Visitor: 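Sharing a structure below in structure tokens format, with a few things to ask.
The figures here come from the full heavy-atom set of this structure, side chains too, leaving out hydrogens, waters and symmetry mates. Position 1 is the first residue of the sequence, and the numbers go up from there. Quantities reported herein were computed from a predicted structural model and do not represent experimental measurements.
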Amino acid sequence: WCVLHENWCLLASDSVAARLAADALVDGSTLGNDLTVAAELGELAAQAQHTWWCDMGAGGLALHRRSADSLGIAPPWSELGTLFVQRMRTAGGRAYLSIAVRAGRMPAKSAPELTAATVAGPAAGSGIAWSQAVRNHVNGTQELLVQDSTALLSLRTPGGRLLWQVPLDGPLLGPVSQVDRYHNGKLQLLALTARTLYLIDRNGRAVDGFPVKLAAEASAPVACYDYDGDGQLRILVPLADGRVLNLGADGRPVTGWAAPQAAATITSAVHHLRVRGKDHLVYADATGTLHHLDRRGARRSTPKLKLPAGAELVAVVTGATDALTVVWRTAEEALQEAALDGKPRPLAAKVIATGQVVAGKVRRVWWCTGDSVFVRDPGGKPKGTAVPEAMEAAMMLPVRDRVWWAVRRTGGRWTVIDERGLAVAEAVAGGPALLTDLEPDGTPDLVVLPAEGPPEVVRPGPGTMDGGGKRSE
């Protein structure tokens, strides 16, 4: 039996099992949405090629029928808890098998109190202030992290079902980062408001040592780096008093950090690059002064370049000679770049959106001018794509070896376009949007969050992934 429901396909051996599975999916009782099971997976799960688990107690009758045993109608199956199996490949064609079974059913855990508004969508007057996709480390898919105008942070499935919600003490300052504090493949959410640094686990709980209350207000997004790839995280928090706070994964100050205090508020996140084995930290303050430090906070250089008043530092990249180059957006919305000791060079007279995408060692800078979108690889020339109709917003997403864009036409809908400017998908709903790869399967997903109802997810059809599509006009 096969049941199709929204984006789900359920397979079952008979009609009764199919109906039970469909009911569980609709009412949120599936294992993937159960808070008790999620907590158990958080304790047991690791990176693996295959993960399989089931609720032995809930499936007692079915297991008894399949095994044809004579141990009674339900026992011992109904007295067991979760059965959890993982398989990991090793060298020589062998596999490592991990099996865990609970001797008793886990006690039910109370879920956060939800209102109809938080489950179905933002309540009237509490619209979406921030949204981004985050990775579910259990199954590798993407989920939606949303903050509304009341500062309530929530994690939702792509279908809009709320998994948990946490009240923060103010709006987020920039994107939320995902970090692996315990070096076990399980990811936590690193979030910053003006007064507090949060580290939140998969189930919406604060990690030990967090939240951290700041002595001075934060003034720009938090950055987190693992300089040597050994799991030793460094959390860098820009402050309004001119300092940069450097914390470890335990929330405590890092010993030996000696960054000088700037004369003005820090206005950018701390950017990190490694060039020829040396670490470079670059950030800007409210006077336009650029600060260039090493990993311990000592000055590497005193840049001659000074950003104009009101400029926003967008990216720090390296050129053909490994010299550091900064890219910024002026108060007049022009996009410019220069070496730390060089003169400004124009990239665009006016941009409506710009950003940097970092994937490993590859840093791409992108921007949108209103009628065209551009992306530039390290050391390369900008590659532009014309979009026939005027735009008011844009986003860029690299997926494998391709680049995808989501653009919102002036007064119109969100549309996904490919590298040639061809429209490959269009949303019907209006509202904030994000572009990600939910599965991930190499296909971009445009997620639109309307004022009411569940998110709308659209993606290119099979015929558009191999060259199909139509002009965005």
Side-chain angles (χ1 to χ4, degrees), residues 45-48 88 90-91 134-135 137 140 174-192 197-202 207-210 212 218 220-239 243-260 266 268-284 290-301 303 313 315-327 340 356-365 377-379 398:
Q47 293 292 334
M88 290 163 278
T90 60
V134 294
R135 180 173 172 264
H137 65 253
V176 172
S177 302
Q178 290 190 271
V179 303
D180 182 359
R181 171 177 173 172
Y182 299 108
H183 316 154
N184 60 2
K186 302 172 186 178
L187 302 177
Q188 299 84 41
L189 301 170
L190 182 66
L192 178 68
L197 180 68
Y198 299 85
L199 190 59
I200 303 169
D201 71 9
R202 166 75 197 157
V207 174
D208 290 344
F210 291 84
V212 175
V222 63
C224 185
Y225 301 112
D226 180 356
Y227 297 136
D228 299 316
D230 58 1
Q232 299 301 312
L233 302 179
R234 294 295 178 259
I235 302 171
L236 302 170
V237 182
L239 300 178
R243 292 179 297 145
V244 172
L245 192 64
N246 189 348
L247 305 176
D250 57 2
R252 299 176 181 177
V254 172
T255 303
W257 174 253
I266 307 303
S268 79
V270 179
H271 295 254
H272 168 260
L273 290 88
R274 172 164 284 191
V275 181
R276 296 184 179 179
K278 295 183 178 180
D279 295 291
H280 298 258
L281 303 178
V282 178
Y283 54 91
L290 292 169
H291 302 266
H292 181 202
L293 313 177
D294 65 14
R295 66 160 71 180
R296 300 184 65 84
R299 291 193 183 277
R300 282 206 177 275
S301 72
L313 182 60
V316 180
V317 297
T318 56
T321 61
D322 288 337
L324 298 188
T325 297
V326 295
V327 180
L340 292 181
Q356 178 180 219
V357 176
V358 180
K361 296 182 179 180
V362 178
R363 296 170 179 265
R364 289 185 171 105
V365 180
D377 293 332

Visitor: Is a side-chain donor or acceptor of R181 paired with a backbone partner of D208 at a separation under 3.5 angstrom?
Guide: yes

Visitor: Kindly indicate whether the side chain of D294, heavy atoms from C-beta on, has any atom under 4.5 Å from the side chain of K278.
Guide: no

Visitor: Answer yes or no: is there a side-chain heavy-atom contact under 4.5 Å between R202 and K186?
Guide: no

Visitor: Could you check L247, V254, V244 and say which one makes a side chain to side chain contact (heavy atoms under 4.5 Å, CB included) with L236?
Guide: V244

Visitor: With no hydrogens and no angle check, is any side-chain donor or acceptor of S268 less than 3.5 Å from a backbone partner on A284?
Guide: yes

Visitor: Where is the tightest heavy-atom contact between A259 and L293, given as atom of each residue plus distance?
Guide: CB-CD1, 3.8 Å

Visitor: Relative to each other, are the rings of H292 and H280 parallel, tilted or perpendicular (30° and 60° limits)?
Guide: parallel

Visitor: How are the rings of Y283 and H291 set relative to one another: parallel (under 30°), tilted (30 to 60°) or perpendicular (over 60°)?
Guide: parallel

Visitor: Locate the shortest heavy-atom distance separating A269 from A220; write the atom from each residue and the value.
Guide: N-CB, 3.9 Å

Visitor: Which pair of non-hydrogen atoms, one from G140 and one from R135, has the smallest distance, and what is that distance?
Guide: CA-NE, 4.2 Å

Visitor: Given 3.5 Å as the limit, does a donor-acceptor pair link the side chain of D201 with the main chain of Q188, or not?
Guide: no

Visitor: Minimum heavy-atom separation for N246 to W257, with atom names?
Guide: ND2-CE3, 3.1 Å

Visitor: Nearest 0.5 angstrom please: Y227 OH to Q232 CD, how far?
Guide: 12.0 Å

Visitor: Taking atom CZ of R296 and atom OG1 of T255, what is their separation to the nearest 0.5 Å?
Guide: 9.0 Å

Visitor: How long is the gap from CG on L313 to CD1 on I266, to the nearest 0.5 Å?
Guide: 11.5 Å

Visitor: Could you grab the distance from atom CG of L192 to atom SG of C224, nearest 0.5 Å is fine?
Guide: 12.0 Å

Visitor: For the residue pair V237 and A218, what are the closest heavy atoms and their distance?
Guide: CG1-CB, 4.1 Å

Visitor: Under a 3.5 Å distance rule, please check whether R300 uses its side chain to pair with a backbone N or O of L281 as donor and acceptor.
Guide: no

Visitor: Would a 4.5 Å heavy-atom cut-off, applied to side chains only, mark H271 and Q356 as touching?
Guide: yes

Visitor: Specify the closest pair of heavy atoms between G185 and D180, including all atoms of both residues, with the distance to one decimal.
Guide: N-OD2, 2.8 Å

Visitor: For the atom pair CG (L324) and OG1 (T318), what is the distance rounded to the nearest 0.5 Å?
Guide: 7.5 Å

Visitor: Below 4.5 Å, heavy atoms only, C-beta onward: do Y198 and L189 meet side chain to side chain?
Guide: no

Visitor: Check whether any side-chain N or O of D226 sits under 3.5 Å from a backbone N or O of G231 as a donor-acceptor pair, and report yes or no.
Guide: yes

Visitor: For the backbone of V176 and the side chain of Q178, can you confirm whether one donor and one acceptor N or O come within less than 3.5 Å of each other?
Guide: no

Visitor: Nearest 0.5 Å, please: how far is CD1 in I235 from CG in L245?
Guide: 9.5 Å

Visitor: What do the steps show when you test R295 against D228 for salt bridge (charged side-chain N to carboxylate O under 4.0 Å, His left out), and what is the final call?
Guide: CA-CA 11 Å; R295 66 160 71 180; D228 299 316; 2.9 Å; yes

